[in-house]
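The chain is numbered in sequence order, starting from 1. Source: prediction; values computed, not measured.
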Amino acid sequence: KCMIYITGDTHSDFSRFTEEDFPIQLEMTKDDYVIICGDFGGVWTFEEESSREKELLDWLDNKNFTTLFVDGNHENYTRLYSHPIEEWKGGKVHKIRDSVLHLMRGEIFDIDNKKIFAFGGAKSHDIQDGILNLDEEEKIYEYRKRGAYFRIRDFSWWDLELPTNQEMENGIENLEKINCKVDYIISHCCPTSIQTLINPTYKRDILTDYLQQISEKCTFKRWYFGHYHDYKQVNSQFTLLYENIVPLEYESVF
């Protein structure tokens, strides 16, 4: 039986995985897993790996365990999607390192006889003042000066934070192949109804509505997600994670 742990957004800060903060790793092997619920942030720098990014990814790759992650809204999608695609445990992954794998959207993985459906992405909440293009230098300067909430397309924000129709169809097709029964669902944001329970002011979008459809269509034991920077057992099935690392299990983890 393998060990599977799960955590929330890392935003390229992997300090929670030190031996001091996560001592169980000393008993883990590469056949044990830590899953990150989006906003991995480890593939971020523009165009290619910086020395700091390479150092962090190599550090993760050298851990006893294998790191798996779904994407969040804060990822460099240009680079993330340019990594080689491989088949892994029944689903498709982007291989970042030998033991650092991106679980692609709508894929189902068979890990330790547990079926896990992965679907990353989320709509950014920190773009109230809009999205600018890289060539709008004066505007970027002006926005930065007044502390505006904005991002720059294909530099600090990507359209792919929300799924394509193809990715959503892929998810439904894969689920239907197994009669919409999985053990676990891992995402970054969550279904619309669950998001409303977390905060009624959060707005629904194409992805929360899609996940709502999945939640109504599927039989599943537990659903883990990140994105909302909090730690909360929303109900018996839905667990919101942030910096805490919990074992993947059906019984309550609280």
Side-chain angles (χ1 to χ4, degrees), residues 4-22 24-25 28-30 32-86 88-89 91-105 107 109 111 116 118-126 151-163 167 186-189 224-229 241-246 248:
I4 305 174
Y5 284 83
I6 184 152
T7 189
D9 315 17
T10 46
H11 296 282
S12 82
D13 175 4
F14 306 122
S15 56
R16 74 189 71 165
F17 303 132
T18 60
E19 289 176 9
E20 195 175 65
D21 289 332
F22 184 49
I24 190 77
Q25 67 185 285
M28 296 171 85
T29 71
K30 287 297 184 187
D32 298 313
Y33 305 95
V34 172
I35 307 174
I36 299 166
C37 294
D39 279 358
F40 171 68
V43 179
W44 180 257
T45 49
F46 202 48
E47 291 178 345
E48 59 184 51
E49 283 182 13
S50 64
S51 56
R52 175 70 180 144
E53 188 175 284
K54 182 181 186 308
E55 191 185 311
L56 283 171
L57 289 170
D58 289 347
W59 182 81
L60 266 188
D61 195 37
N62 285 327
K63 286 282 167 191
N64 285 350
F65 54 84
T66 293
T67 302
L68 310 173
F69 68 96
V70 297
D71 49 280
N73 47 303
H74 293 143
E75 315 285 1
N76 181 332
Y77 281 100
T78 310
R79 285 195 42 235
L80 184 59
Y81 276 41
S82 70
H83 280 82
I85 296 175
E86 293 192 0
W88 183 80
K89 295 196 179 294
K92 290 187 175 66
V93 296
H94 283 119
K95 184 178 175 181
I96 314 300
R97 290 288 189 278
D98 285 344
S99 62
V100 181
L101 307 173
H102 169 230
L103 306 177
M104 292 175 68
R105 293 173 179 174
E107 295 294 308
F109 303 90
I111 302 175
I116 299 177
F119 208 100
K123 188 173 174 60
S124 289
H125 298 305
D126 53 2
R151 286 187 173 256
I152 302 164
R153 177 174 264 108
D154 296 336
F155 183 77
S156 59
W157 180 89
W158 283 261
D159 292 279
L160 263 171
E161 66 171 31
L162 288 173
E167 287 173 332
I186 311 288
S187 62
H188 185 50
C189 65
Y224 295 90
F225 59 101
H227 187 47
Y228 305 93
H229 290 201
L241 296 170
Y242 187 26
E243 293 171 330
N244 41 303
I245 307 173
V246 300
L248 188 78

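E49 is linked by a side chain to side chain donor-acceptor pair (under 3.5 Å) to R97, counting only residues two or more places apart in sequence or in another chain. Residues that satisfy the salt bridge (Lys or Arg N to Asp or Glu O under 4.0 Å) test with E86, not counting sequence neighbours, are K95. With sequence neighbours left out, E53 forms a salt bridge (Lys or Arg N to Asp or Glu O under 4.0 Å) with R79.
The aromatic ring centres of F22 and Y5 sit less than 6.0 Å apart. When ring centroids are compared, H102 and H94 come within the 6.0 Å threshold.
Between the side chain of E75 and the main chain of G41, a donor-acceptor pair closer than 3.5 Å is present.
Aromatic ring pairs are classed by plane angle as parallel below 30°, tilted from 30° to 60° and perpendicular above 60°; the pair Y81 and Y77 is perpendicular. Using bins of under 30°, 30° to 60° and over 60° for the plane-to-plane angle, the ring pair W158/W44 lands in the perpendicular bin. Between H125 and Y228, the ring planes are tilted. Angles from 30° to 60° get that label.
More than 12 heavy atoms of other shown residues, nucleotides or ligands fall within 6.0 angstrom of atom NZ in K30. Counting heavy atoms of neighbouring residues, nucleotides and ligands inside a 6.0 Å radius, atom NZ of K63 exceeds 12 of them.
The side-chain heavy atoms of F17 and T7, taken from C-beta on, include a pair separated by under 4.5 Å.
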